Amino acid sequence: MSLRFYNTLTQQVDDFVPADGKTVRMYVCGPTVYNFAHIGNLRTFTFQDILRRWIRARGFETLHVMNITDVDDKIIRSAMQQNVTLEAVTRPFETAFLEDIASLRIQRPEKLVRATEHIPEMVSLIEGLAAKGMTYESDGSIYYRISKFPDYGKLSHNDFGGMIAGARVDVDEYDKENARDFVLWKQKKEGEPSWPTSIGDGRPGWHIECSAMAMKYLGETLDIHAGGIDLTFPHHENEIAQSEGVTGKPFARFWIHAEHLAVDGGKMSKSLGNFYTLRDLVGIGHTPEAVRYLLAAVPYRNKLNFTMDGLKAAALSIERLRNFELRLKTDRFAEGVNDDIAKRAADAFAQFEAAMDDDLNTANALGAVFEFVRETNTIMDAGGFKAGNVDAAMKLLARMDVVFDVLKPTLAEDSLEDSAVDELVAARNAAKKARNFALADSLRAELLDKGIVLEDTKEGTRWKRK
RNA sequence: GGUGCGGUAGCCAAGUGGUAAGGCCAGGGUCUGCAAAACCCUUAUUCGUCGGUUCGAUCCCGACCCGCACCUCCA
């Protein structure tokens with residue numbers, strides 16, 4: 001079966017191939033850098049990473065653009081409160097964001113672009129819309145005239161046709177022809193940042209940056225546009241109106257949206273005290289890869305309920321995979337190949353591929369891996385696993401890790417080098433042999449203190465990082 | 001009210017018209033100088049409720065109940 005994704009536009013799972021058959025042109029809505037990213041934001045970025053990685057695993061190239069929104073109401077408010085420039089607010093959080101996604105092992109898109117560095121592109125897009133009569137001015141600001149775009153609502157599947165101006169328009173929306181019209185360019189306000197342009201001094205509306213930057217780097221029709229589900233309306237609907245209003249061509253072939261994350265069954269909020277950043281979680285002893293696993297293991301179109309228990313379970317699931325990998329690397333197996341294992345490995349690999357192809361069904365894909373792990377452990381215990389089966393088993397783990405990327409531990413800064421660990425392990429074993437158990441146990445405790453766990457097996461002692 | 005999503009074991013969660021993957025927890029084992037770690041086994045006659053179609057439905061249809069999200073800034 002081929003690669004396929006659920007497309008919000010068509011409301012069904014559609015076969016996916018990039019338009020040129022080779023490079024996937026994708027745009028994802030990035031962060032607004034006025035604060036640290038929270039765990040909900042990171043769920044969406046993790047999803048985008050899984051999407052990107054699987055596309056690449058399937059042999060396509062990616063031209064992946066992510067925007068950094070570095071001008072908007074919240075940023076401006078923050079800058080004014082602190083009496084500093086926009087950059088003084090945005091740059092530190094931009095840096096923090098990049099650090100966060102790096103520690104979550106989220107691959108950097110090919111291009112990261114800042115809104116404030118694309119004002120001319122936005123202006124020219126607005127001028128293009130104006131030339132087509134799709135804009136109007138009110139109170140010095142420029143608005144999009146939705147009545148000129150009959151397809152409005154096609155993404156969110158809302159019928160706005162019956163919405164007649166004045167029928168249900170809020171009193172404070174008097175300056176717009178239609179309640180759904182949205183601002184493209186905001187007139188300069190005293191004390192707020194603005195850009196002098198041919199359409200007046202002012203600043204961009206929320207939606208225009210994405211249309212302008214996406215088309216600049218990816219062309220008029222993208223293969224994929226992705227983001228959080230809440231962006232479907234109005235943000236992405238408005239992007240379509242802006243882009244297609246000018247080009248007359250489909251803006252994106254696939255719209256892929258990630259469901260939200262809840263915390264303890266409810267909405268995450270600062271007032272409830274369940275608002276987490278990655279830094280918070282790492283600060284209380286969780287690993288970034290456990291967070292990554294938890295965020296990635298639930299298929300992206302499902303709501304994900306984030307709990308501390310779930311995070312612990314995620315860490316343990318990773319342990320199981322790492323233990324299996326360690327066993328493959330350190331156990332000694334008899335020569336030859338066990339055909340049954342070979343077949344199971346091939347089946348698991350095929351199931352993994354099929355599950356990922358099927359709209360990134362990560363839960364199903366992981367199920368295939370774990371099933372193989374359990375079956376193989378049983379056969380190993382019985383001595384039926386052969387040296388000739390190691391490669392196929394490692395290949396399955398590697399394939400899993402191309403997407404999930406959780407096998408390698410994040411090393412603590414004060415952890416020991418491998419060689420130092422080996423020396424201490426050898427010393428302990430020598431003490432054991434001499435039946436000096438007090439010394440052996442103290443060495444074991446010393447290593448444990450450094451996060452190194454020893455495993456005494458029939459074939460000797462092996463160790464791993466916890 | 002409109003739009004969309006979902007209700008599967010203690011928790012997370014996959015899934016199919018033919019009788020329930022997987023992970024965590026829990027209980028029981030194996031191993032071991034003691035441990036630890038690791039590994040294995042067991043754990044839903046049942047898939048929100050009620051009808052219908054069918055030889056047969058958790059999966060198809062209808063009704064209903066419950067939860068959530070969006071419709072205003074939001075990943």
Side-chain angles (χ1 to χ4, degrees), chain A residues 6 8 11 28-32 37-48 72-74 153 156-160 162 168 170 173 179-180 182 206 226-235 237 257-262 265-269 293-294 297-307 309-324 326-327 330-331 351 355 358 361-382 432-433 435-438 440-441 444-445 447-448 453-458 461-464 466:
Chain A
Y6 181 87
T8 306
Q11 295 183 291
V28 302
C29 288
T32 300
H38 61 247
I39 197 68
N41 297 322
L42 295 173
R43 196 252 172 129
T44 300
F45 296 121
T46 302
F47 144 68
Q48 292 169 352
D72 92 318
D73 290 352
K74 283 180 290 237
S156 54
H157 304 281
N158 283 310
D159 178 12
F160 297 112
R168 284 189 57 201
D170 295 342
E173 302 278 17
R180 299 289 178 188
F182 56 93
W206 174 30
I229 194 166
D230 55 300
L231 296 181
T232 309
F233 186 88
H235 186 53
E237 197 74 73
H257 293 102
E259 248 297 351
H260 271 187
L261 168 150
K267 191 160 181 164
M268 174 169 49
S269 75
Y293 183 97
L294 178 60
V298 175
Y300 78 94
R301 283 202 293 139
N302 292 170
K303 285 187 184 68
L304 190 161
N305 186 23
F306 182 89
T307 62
D309 283 348
L311 191 52
K312 286 174 201 150
L316 291 166
S317 296
I318 294 172
E319 280 298 305
R320 186 163 167 79
L321 295 170
R322 287 179 181 169
N323 288 333
F324 182 67
L326 185 65
R327 203 172 177 187
T330 59
D331 276 13
Q351 188 188 329
D358 180 19
N361 190 337
T362 50
N364 194 182
L366 287 169
V369 176
F370 280 107
E371 190 178 3
F372 175 78
V373 168
R374 196 199 64 246
E375 291 172 345
T376 302
N377 274 324
T378 302
I379 294 168
M380 277 182 183
D381 288 349
K432 253 179 78 174
K433 205 158 212 168
R435 302 196 65 79
N436 183 351
F437 296 123
D441 289 356
R444 182 170 71 193
L447 282 162
L448 185 61
V453 179
L454 302 191
E455 294 183 12
D456 291 333
T457 73
K458 281 175 241 142
T461 303
R462 66 188 178 203
W463 59 271
K464 65 182 182 182
K466 190 81 179 180

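These numbers come from the heavy atoms of this one structure, side chains and all, not from hydrogens, waters or symmetry mates. Quick caveat: nothing in here was measured; it's all calculated off a predicted structure. Within every chain, numbering begins at 1; the chains are lettered A, B, ... in the order of the sequence lines, protein sequences first and strands thereafter.
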If we count only N and O atoms by modelled type, under 3.5 Å, do the side chains of A/Asn158 and A/Ser156 hold a donor and an acceptor together?
yes
Going by ring centres under 5.5 Å and near-parallel planes (under 30°), is A/His260 stacked on B/A69?
no
Sugar-phosphate only, base, or nothing, as touched by A/His235 at under 4.0 Å among non-hydrogen atoms
nothing
If you look at every strand shown and take non-hydrogen atoms under 4.0 Å, does A/Gly310 touch a base, only sugar-phosphate, or nothing?
nothing
Pair partner, B/A38 [Watson-Crick or wobble, under 3.5 Å]
B/U30
Nucleotide opposite B/U16 in a Watson-Crick or G-U pair, distances under 3.5 Å:
none
Side-chain heavy-atom pair A/Gln11, A/Tyr6 within 4.5 angstrom cut-off:
yes
Salt bridge or not between A/Glu319 and A/Lys464? Use side-chain N to carboxylate O under 4.0 Å.
yes
Using whole Å, report how far CD of A/Glu259 lies from C1' of B/G6.
9 Å
Using whole Å, report how far CZ of A/Arg43 lies from P of B/C12.
14 Å
Answer yes or no: is there an ion pair linking A/Asp456 with A/Lys432, defined by an N-O contact shorter than 4.0 Å?
yes
Between B/U72, B/A37, B/G67, spot the one nearest the side chain of A/Lys464, thanks.
B/A37
Base B/A35 paired with A/Asp456 side chain (donor-acceptor, <3.5 Å)
yes
So what does A/Lys432 hit on the nucleic acid, given a heavy-atom distance under 4.0 Å: a base, only sugar-phosphate, or nothing?
base
Aromatic ring pairing A/Phe47/A/Tyr300, orientation class (parallel under 30°, perpendicular over 60°, tilted between):
parallel
Closest-nucleotide 5' rank along RNA chain B - winner of A/Ala440 and A/Arg327:
A/Ala440
On the side chain of A/Arg462, is there an atom forming a donor-acceptor pair with the base of B/A37 - under 3.5 Å, no angle test?
no
From the list B/G4, B/A75, B/C71, which nucleotide is the closest neighbour of the side chain of A/Phe233?
B/C71
Which nucleotide in B/C12, B/A75, B/C39 has an atom nearest any side-chain atom of A/Asp381:
B/C39
Note: A/Asp381-A/Arg327 ion pair, threshold 4.0 Å (strictly below):
yes
Could you check whether A/His157 gets within reach of a base, just the sugar-phosphate, or nothing at all, counting any heavy atom under 4.0 Å?
sugar-phosphate
Is the side chain of A/Thr376 donor-acceptor paired with the backbone N or O of A/Val373 at a distance under 3.5 Å, no angle test?
no
Choose from B/U72, B/G33, B/A38 the nucleotide whose nearest atom is closest to any side-chain atom of A/Arg444.
B/G33
Nearest to the A/Val453 side chain among B/U3, B/G15, B/A37, which nucleotide is it?
B/A37
Under 4.0 Å between any heavy atoms, over every strand shown, what does A/Asp73 touch: base, sugar-phosphate, or nothing? Just pick one.
nothing
For A/Pro299, report the nucleic acid contact type (base, sugar-phosphate, nothing); a contact means any heavy atom under 4.0 Å.
sugar-phosphate
Rounded to whole Å, how long is the line connecting atom CG of A/Asn323 with atom P of B/A38?
5 Å
Is there a side-chain contact between A/Asn158 and the phosphate of B/G2, meaning an N or O under 4.0 Å from OP1 or OP2?
no
Which part of the nucleic acid does A/Leu454 contact within heavy-atom distance under 4.0 Å: base, sugar-phosphate only, or nothing?
base
Side-chain donor/acceptor of A/Glu237 to backbone N/O of A/Gly153, under 3.5 Å
yes
State whether A/Glu259 and A/Lys303 are salt-bridged, where the test is any N-O pair (Lys NZ or Arg NE/NH1/NH2 against Asp/Glu carboxylate O) under 4.0 Å.
yes
Could you encode protein contacts along nucleotides 18-23 of chain B as a string, one character per nucleotide from 5' to 3', using B for base contact, S for sugar-phosphate-only contact and - for no contact, with a heavy-atom cut-off of under 4.0 Å?
---BSS
Heavy atoms under 4.0 Å, any strand shown: does A/Asp441 hit a base, just sugar-phosphate, or nothing?
base
Examine B/G6: is either OP1 or OP2 under 4.0 Å from a nitrogen or oxygen in the side chain of A/Asn305? Give yes or no.
no
A/Arg301 atom CZ is separated from B/C68 atom C1', nearest whole Å, by 16 Å
Taking for A/Glu319 and for A/Leu294 the nucleotide of RNA chain B with the nearest heavy atom, the one nearer the 5' end belongs to A/Leu294
Side chain of A/Asn361 - closest among B/C68, B/G15, B/C41:
B/G15
